[in-house]
Asker: 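Okay, handing you the structure first.
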Amino acid sequence: MGRIHRLPPHLADMIAAGEVVERPGSVVKELVENSIDAGSSSVTIEIQRGGMSYIRVTDDGYGMSEEDAKTAFLRHATSKLTDERGLESIKSLGFRGEALAAIAAVSNVDMLTRERGSAQGVSLSLSGGELTEVLPAGCPEGTTIIVRDLFFNTPARLKFMKKDSAEGANVTSAVIKLALSHPGISVRYIKDGREELSTPGDGDAASAVYAVFGREFFSGLLTAEASAEGVDVKGFVSAPAAARGNRSAQYFFVNGRSVKSALLTSALEQAYKNSLFTNRSPACVLYIKVKYSAVDVNVHPAKTEVKFLYERAVFDAVYSAALAALAAEKGQSAKVSPVLPETGEQRQSTAPVQKDDKPHFLRLTADEYKQSMGANLTLRDAPAEYRTGSQNITPDTQAVFGAKKGADKADVSTKEPRVPDYTNYYTGIQLPEDHSPEIREKAAPPERKQPDLNLTAGADYKIIGECFDSYIIVQRADEIIFIDKHAAHERINFDRLKNQASAPMSQELISPAAVKLDGEDAELLLENIGILEEAGLGVEDFGSGSILVRSLPQGIGYDEAQALIEELAEAIKLGGRPGGLGSRDEVLATVACKASVKAGWKTDPKELVPIVKAVVSGKVKYCPHGRPVSLAMPRSRLDRTFKRT
Ligand code: ADP
Ligand code: MG
């Protein structure tokens, strides 16, 4: 007998489960997607102990007959795909027919379902994939699936589960994406007996976003809209002032499916290139519609990534939508108005998109693409015959945005240099805790003066000045030294934090700041509370994804708390990756960066002195991420250049 044999079906299902059902959040995702595919108008999700002990999903969709209900748990059993032609344009969220089989293989499942129009329903029980009971049942139309004791029969997988609170946070972020993806479906979410979320299901994306994130997030949004070359984009992007410390508030939906995509992120961020500072990321909830045949959803086990047939059209549409929203905000503060992602044509956005109220379509040059996508990426262009339908390119819009020489400054207003408002960024001045407007006024930085050379009198170097608000120029012996003021200051702060870890310099806040975080970030920060304390931050759990900041590291103002906390979540994630500094150092580097003078900002000359001192003494050579902080140019080189030798 040969050594190779086929796996028994139950073992194959358990292996497949590893791909589809990674953790409770993925079970919830699959079950709710089935409810959406079943034409439901309301879906309730309930979990206990992070979903490890109990997950219930109830919908009012079309339900299943007894026969279908039994078949549904077989591997590759689906009602959504019949032949390979179907695979080329998938309209449903599911299509592989593996989720129910995979979930049932690693848990105890009860299902109650009644087909629409049928007199009675059926109840099924399965354990480890084996059908144990089928009974007629009285129940409402629709389907309820209860999943208990996830991974009870796969101890290896069970070991990889995080604390219940972390798994619960992951379920919450899955539910948020599902609720946003279909504003026409009312989604209710109950966690450990408490209602965490409930969307009205009125078909209005604005209502869904408001219900999920609340007023503060909502009020920082601008309506965004663009369409061309068979791609429609509608939704919201954040005003620059409402940008975040990381990307966790970027939500993209392609034909109703939540996706992660480097292409979409780049397109969005390219639009903010001149509006945001480094380390800030825009937030968005964007609904992208493309022809089903122009997107491949079968490229990832969890179907969270997609491949676009014509990437460039998609890039351009997202970029244009965001840029137009930003331009409109500059013109006048755009009011967020409801948008219907499914039937958006019926309702027009009231945001003043452009002067003539026609969404313009913008394109980057090939070089700009390369820059924003990484050099190796080429974007496929849509062929001419494809560019039909919601086509918005007109010769005159191309004249405005396409040709370089014709670029009209009034329209492409985001290209203007940004005038920084540095009230809150000014290092060294601690805003008093009540930070009333009058006090802020007083704390505002002074006008820029020429450096007072007396400050360094007696030293063996002289500060000549500063150029581009970024580089300090110093003369010493027979060399000129250029210092990157931010990089050097960052290093100084980093070293200070590292060396005083036992008693970090921090300041207690009189009124603690509550910071609401996205997704699982609060959980992540709370797991790393020790590291935060070392960096001078006092935080505690404030419930429902929020944390309370009681003290901040020295040099960081109250108003920066939110941004700092978001960036710290990102730092902890980064720290664990290859090439990262490790979570602790990444956190210290983030605090050091935040507490440092910024390139491009005006800095009081007095503040430059300690930076220069540290650099000329040779103590500071590289920033925490290894970039050099200074460049020395010997006089001999100047002399040679000017032929003085
Ligand atoms: P897929 O979604 O890829 O088809 P699943 O294993 O998730 O595969 O589901 C198998 C089948 O069970 C679906 O094709 C559908 O016919 C049926 N089904 C699953 N969940 C529901 C539900 N909530 N309501 C109605 N039918 C459902
Ligand atoms: Mg499915």
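Both counts, for ligands and for their atoms, begin at 1 and track the order of listing. Numbering starts at 1 and runs along the sequence shown. Heavy atoms only: backbone and side chains are in, while hydrogens, waters and symmetry mates are out.
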Asker: Give the residue and atom name of whichever protein heavy atom lies nearest to atom 23 (N) of ligand 1, and the separation in Å to one decimal.
Answerer: D59 OD2, 2.9 Å

Asker: Listing by chain and number, which protein N, O or S atoms are under 2.8 Å from the Mg ion (ligand 2)?
Answerer: N34 OD1

Asker: Identify, for atom 16 (O) of ligand 1, the protein heavy atom at the shortest distance, and state residue, atom and that distance.
Answerer: S79 OG, 2.5 Å

Asker: Would you mind checking which non-hydrogen protein atom is closest to atom 12 (O) of ligand 1, with the distance to 0.1 Å?
Answerer: A72 CB, 3.4 Å

Asker: I want to know whether Y251 and F213 have ring centres closer than 6.0 Å.
Answerer: yes

Asker: Salt-bridge test for K516 and E216: reply yes if a basic N is under 4.0 Å from a carboxylate O, no otherwise.
Answerer: no

Asker: What part of R96 sits under 4.0 Å from ligand 1 if we count only heavy atoms: the side chain, the backbone, both or neither?
Answerer: backbone

Asker: Is a side-chain donor-acceptor pair under 3.5 Å present for R114 with T143?
Answerer: no

Asker: Taking heavy atoms and a distance under 4.0 Å, where does V57 meet ligand 1: side chain, backbone, both or neither?
Answerer: neither

Asker: Salt bridge check: are R280 and E567 linked by an N-O gap of less than 4.0 Å?
Answerer: yes

Asker: Mind checking whether F95 has an N or O less than 3.5 Å away from an N or O of ligand 1?
Answerer: yes

Asker: So, using ring pair (Phe, Tyr, Trp, His ring centres under 6.0 Å) as the criterion, who are the partners of F253 when residues are at least two apart?
Answerer: Y287

Asker: Report the residue from K163, M161, R23 that forms a side chain to side chain contact (heavy atoms under 4.5 Å, CB included) with M52.
Answerer: M161

Asker: Mind checking side-chain hydrogen bond (donor to acceptor under 3.5 Å, both in side chains) for K573 and listing every partner two or more places apart, or none if nothing turns up?
Answerer: D521

Asker: I'd like the name of whichever of A101, G97, S65 reaches closest to atom 3 (O) of ligand 1 through any heavy atom.
Answerer: G97

Asker: Taking the six-membered ring of F95 as reference, does the NZ or CZ atom of K303 fall below 6.0 Å from its centre and within a 45° cone about the axis?
Answerer: yes

Asker: Tell me: protein heavy atom nearest atom 21 (C) of ligand 1, and distance?
Answerer: M64 CE, 3.6 Å

Asker: Judged on heavy-atom distance to atom 10 (C) of ligand 1, which of A99, A77, S35 sits nearest?
Answerer: A77

Asker: Got a salt bridge between R247 and E269, using NZ or NE/NH1/NH2 to carboxylate O under 4.0 Å?
Answerer: yes

Asker: Can you tell whether the side chains of D192 and R49 come within less than 4.0 Å, N to carboxylate O?
Answerer: no

Asker: Partners of Q48 by side-chain hydrogen bond (donor to acceptor under 3.5 Å, both in side chains), sequence neighbours excluded?
Answerer: none

Asker: Using heavy atoms and a threshold below 4.0 Å, how should the contact between L100 and ligand 1 be classified: side chain, backbone, both, or neither?
Answerer: both

Asker: Are any of the N or O atoms of D37 closer than 3.5 Å to those of ligand 1?
Answerer: no

Asker: Would N34 count as being in polar contact with ligand 1, using the rule that some N or O on each side must be under 3.5 angstrom apart?
Answerer: yes

Asker: Can you tell which part of A38 has a heavy atom less than 4.0 Å from ligand 1: side chain, backbone, both or neither?
Answerer: side chain

